[in-house]
There are 2 protein chains.
Amino acid sequence: MTESTRREKLRADTEREILACARRLLVEDGSHAVTLRAIARELGITAPALYRYYDSRADLLRHVCDDISADLAATLNPQLSAIPISQPTERVFAVCRGFRQWALAHPREFTLVFATSPEETGTPANRPAQDHFGRVFLEVAGPLLSEHKIYPSGSLDVPERLRGELTAYRDDLAASLAAAGHQVAGEKLQLGTIYLILQWWARMYGHVALEVFGRFPFAVNDAEPLFESMLTELASVVGFSS
Amino acid sequence: MTESTRREKLRADTEREILACARRLLVEDGSHAVTLRAIARELGITAPALYRYYDSRADLLRHVCDDISADLAATLNPQLSAIPISQPTERVFAVCRGFRQWALAHPREFTLVFATSPEETGTPANRPAQDHFGRVFLEVAGPLLSEHKIYPSGSLDVPERLRGELTAYRDDLAASLAAAGHQVAGEKLQLGTIYLILQWWARMYGHVALEVFGRFPFAVNDAEPLFESMLTELASVVGFSS
DNA sequence: GCAGTCAGTAAACGGTGTTCACCCACCAGT
DNA sequence: ACTGGTGGGTGAACACCGTTTACTGACTGC
């Protein structure tokens with residue numbers, strides 16, 4: 001952002017150019033087409049020059065991932081702002097629908113960011129990667145679920161073995177929400193809430209991934225009704241009729 | 001199976017050797033290591049010789065996929081046979097648990113078969129690929145859900161726009177079940193049942209994929225309780241307490 | 001025995017990621 | 001204004017890769 005010297009400005013420029021070119025190649029021809037030589041060719045430089053900017057192809061792909069998830073968050077946030085905070089359910093729905101729409105419209109980006117095993121890109125455990133989206137999702141789902149402090153309707157207790165990890169995550173989430181301005185009364189974020197968020201995320205992820213990959217057990221031409229009914233069902237689990 | 005001539009026997013042998021070698025490379029070093037030259041090197045032949053067996057690397061990978069899902073089915077079926085047909089719920093649970101266990105024990109195989117976008121492997125739309133598993137799952141879930149002819153507890157009607165596709169799939173499934181010996185009274189396979197199976201599959205897939213990829217929104221060391229509670233919840237949706 | 005089939009080979013083409021030595025425009029300091 | 005260093009970019013090279021081509025040579029069916 002704050003490039004003072006002339007050199008730094010130029011460097012930042014070509015860095016942006018590299019990422020943009022990589023994204024274009026990814027979108028148009030798939031991740032296998034994101035090639036150091038292809039990028040260099042397009043920028044009018046040679047492949048080894050790219051090593052001044054990234055340690056390796058894997059490193060470059062990792063940055064492309066970050067770039068993509070930042071874009072995803074930038075797409076979701078405006079849709080979110082259009083819905084008043086007083087309608088948290090609608091906000092969560094907006095995020096979910098937005099995520100699905102984005103994934104369908106950007107299948108290759110989705111695949112790279114959300115459906116590539118960490119080892120393929122050489123991702124070291126906990127990259128921020130999809131965290132940009134995770135934050136958006138959690139910052140919406142968190143308030144929704146915490147403000148109405150609802151336990152799963154099924155009266156499910158949180159499995160004993162999960163309590164420890166869920167507790168750690170609750171603290172992490174609470175801190176992140178506080179840092180973002182949202183004030184959530186600490187105790188309102190119950191473990192059951194965290195538990196629900198996890199299940200919600202797994203379910204939405206499953207649907208979207210299957211739809212993007214066309215891996216439903218039979219050819220589904222239009223999975224939107226399936227998605228919508230999942231949303232209303234999820235909402236009803238939390239205690240809303242939609 | 002039935003190789004009559006000597007030549008055919010030899011050919012089938014080296015074909016098995018190729019697949020075995022490819023699988024080993026996949027498991028040990030990831031799919032990027034499954035290389036025609038590496039396979040040839042290991043078999044003591046040269047790379048172009050492999051073209052006598054497969055049209056291309058993509059074609060070979062496709063056969064590896066089939067090999068893997070056949071193995072998956074072979075792993076699941078015995079676990080299944082150990083549970084009497086009179087306990088369909090336990091049978092479905094066994095398949096689900098077996099699938100998760102297999103995926104965790106074979107992350108790279110899982111990734112290749114279940115989480116690779118069709119275009120990467122050049123898969124032409126509807127490969128049997130994961131169908132081997134799909135069949136096992138459906139042949140268990142189908143009877144369970146049809147015999148007890150339960151609608152989703154949430155009283156959800158099947159979305160109008162899905163009825164057509166669900167109907168087509170019901171007929172397909174019924175035919176496949178009949179072919180496998182299971183006799184399912186046609187009308188018992190209600191659309192709501194098919195609908196449930198779809199959601200069940202999406203949910204299980206989502207959980208397993210997230211777990212294999214380590215993409216839960218926070219570091220979950222042991223997701224088994226999460227998985228188990230999902231199973232009991234799914235069962236309760238169908239009307240059983242477990 | 002002969003002709004044909006077919007697994008396997010060698011060589012080549014164009015592509016890849018990555019490393020190395022080098023060049024040279026620019027910038028800071030005297 | 002000269003100088004020395006920093007750093008973006010180059011060219012050649014290495015070791016791979018998938019794939020095609022023309023060719024060999026052993027086995028097979030007649």
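Keep in mind that the numbers below use all heavy atoms, side chains included, and drop hydrogens, waters and symmetry copies.
The aromatic rings of A:Trp102 and A:Phe114 stand perpendicular to each other, their planes meeting at an angle above 60°, with 30° marking the opposite boundary.
Both tests pass for A:Arg11 against the ring of A:Tyr53: distance under 6.0 Å to the centre and angle within 45° of the axis.
B:Ile39 has its CD1 atom 15 Å from the C1' atom of D:dT19, to the nearest Å. In this structure, A:Arg57 places its CZ atom 19 Å from P of D:dC16, rounding to the nearest Å. At whole-Å resolution of the value, CD in B:Glu8 and C1' in D:dC27 are 14 Å apart. Distance, A:His32 NE2 to D:dC17 C1': 14 Å, rounded to whole Å. Distance CG (B:Leu36) to P (D:dT19): 6 Å, rounded to an integer number of Å.
Residue B:Tyr51 places no side-chain N or O under 4.0 Å from the OP1 or OP2 atom of D:dT20. The phosphate of D:dC17 (OP1 or OP2) has a side-chain N or O of B:Arg41 nearer than 4.0 angstrom.
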*asked:* Checking B:Leu76 against B:Leu72 for the side chain to side chain contact (heavy atoms under 4.5 Å, CB included) test, could you report, in this order, the C-alpha distance in whole Å, the side-chain angles of both residues, the deciding distance, and whether it holds?
replied: CA-CA 6 Å; B:Leu76 255 34; B:Leu72 171 57; 4.0 Å; yes
*Output, in order, the C-alpha distance, side-chain angles, deciding distance and verdict of salt bridge (charged side-chain N to carboxylate O under 4.0 Å, His left out) for A:Arg97 and A:Glu228.*
CA-CA 8 Å; A:Arg97 292 196 186 104; A:Glu228 287 298 325; 2.7 Å; yes
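Aromatic pair B:His207/B:Phe216: ring centres closer than 6.0 Å.
Under the 3.5 Å distance criterion, the side-chain polar atoms of B:Thr116 are matched with a main-chain donor or acceptor of B:Thr111. A donor-acceptor pair under 3.5 Å links the side-chain atoms of B:Arg91 to the main chain of B:Ile83, judged by distance alone.
Between chain A and DNA chain C, the heavy-atom contact criterion of under 4.0 Å yields a 5' to 3' nucleotide range of C:dT16 to C:dC27.
Of the two residues near DNA chain C, A:Asp55 and A:Thr35, the one whose nearest nucleotide lies more 5' is A:Thr35.
Salt-bridge check for B:Asp29 with B:Arg108: failed, with every basic side-chain N at 4.0 Å or more from each acidic carboxylate O.
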For nucleotides 9-14 of chain D, give me every protein contact, N/O to N/O, under 3.5 Å, one pair per line with atom names.
from   : atom 1 : to      : atom 2 : distance (Å)
D:dG9  : OP2    : A:Tyr53 : OH     : 3.0
D:dG9  : N7     : A:Arg52 : NE     : 3.2
D:dG9  : O6     : A:Arg52 : NH2    : 2.4
D:dT10 : OP2    : A:Thr46 : N      : 2.8
D:dT10 : OP2    : A:Thr46 : OG1    : 2.9
D:dA13 : N6     : A:Arg37 : NH2    : 3.4

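For A:Phe213, there are no ring-ring contact (aromatic ring centres under 6.0 Å, His included) partners, not counting sequence neighbours.
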